[in-house]
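All of these numbers come straight from a predicted model, not from anything done at the bench. Heads up: numbering here begins at 1 and tracks the sequence. What's counted below: heavy atoms across the whole structure, side chains too, no hydrogens, waters or symmetry copies.
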Amino acid sequence: MRDQRKRLVGVVTSDKMDKTIVVSVATVKRHPIYGKVISRARKYKAHDENNECRVGDRVEIIESRPYSREKRFALVNVLERAQ
């Protein structure tokens, strides 16, 4: 069960909340009929226990237990820091 949890990679767009970050995850897919490449972005709230992330960081998040009404992901690690 633990290995079936979703892992997403995205960019931190907000770190203003305590122990919470907002991560924007972009996906790129082709349109099923027309073949045009479509990019979509979705925002997820993730738990950041030590408040270590800053805006612009590339992070990996994982599906976890519900921390609050909207927060369903947790920070795994910071892949690259913002410049």
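- Put simply, Y67 and V76 are part of two different groups of oily side chains (I, L, V, M, F, W, Y) that touch within less than 4.5 Å, one to the next.
- Distance OG/S64 to CZ/R5: 7.0 Å, rounded to 0.5 Å.
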Please output the side-chain donor-acceptor pairs of residues 19-33 that fall under 3.5 Å, not counting sequence neighbours, one pair per line with the distance.
residue : atom : partner : partner atom : Å
K19     : NZ   : E49     : OE2          : 3.1
T20     : OG1  : D18     : O            : 3.4
T20     : OG1  : K71     : NZ           : 2.8
R30     : NH1  : G35     : O            : 2.3
H31     : ND1  : I33     : N            : 3.1
H31     : ND1  : Y34     : N            : 3.1

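- Counting heavy atoms from C-beta outward, L75 and H47 have side chains that stay 4.5 Å or more apart.
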Dump the intermediate steps for side-chain contact (heavy atoms from CB on, under 4.5 Å) on M17 and K45, then the final yes or no. CA-CA 10 Å; M17 294 171 275; K45 287 193 174 90; 3.9 Å; yes

Would you mind writing out the side-chain donor-acceptor pairs for residues 54-63 within the sub-3.5 Å range, not counting sequence neighbours?
residue : atom : partner : partner atom : Å
R54     : NH1  : D15     : OD2          : 3.4
R54     : NH2  : N51     : O            : 3.4
D57     : OD1  : A82     : N            : 2.8
D57     : OD2  : R54     : N            : 2.9
D57     : OD2  : R81     : NH1          : 3.1
E60     : OE2  : R7      : NH1          : 3.0
E63     : OE1  : K6      : N            : 3.2

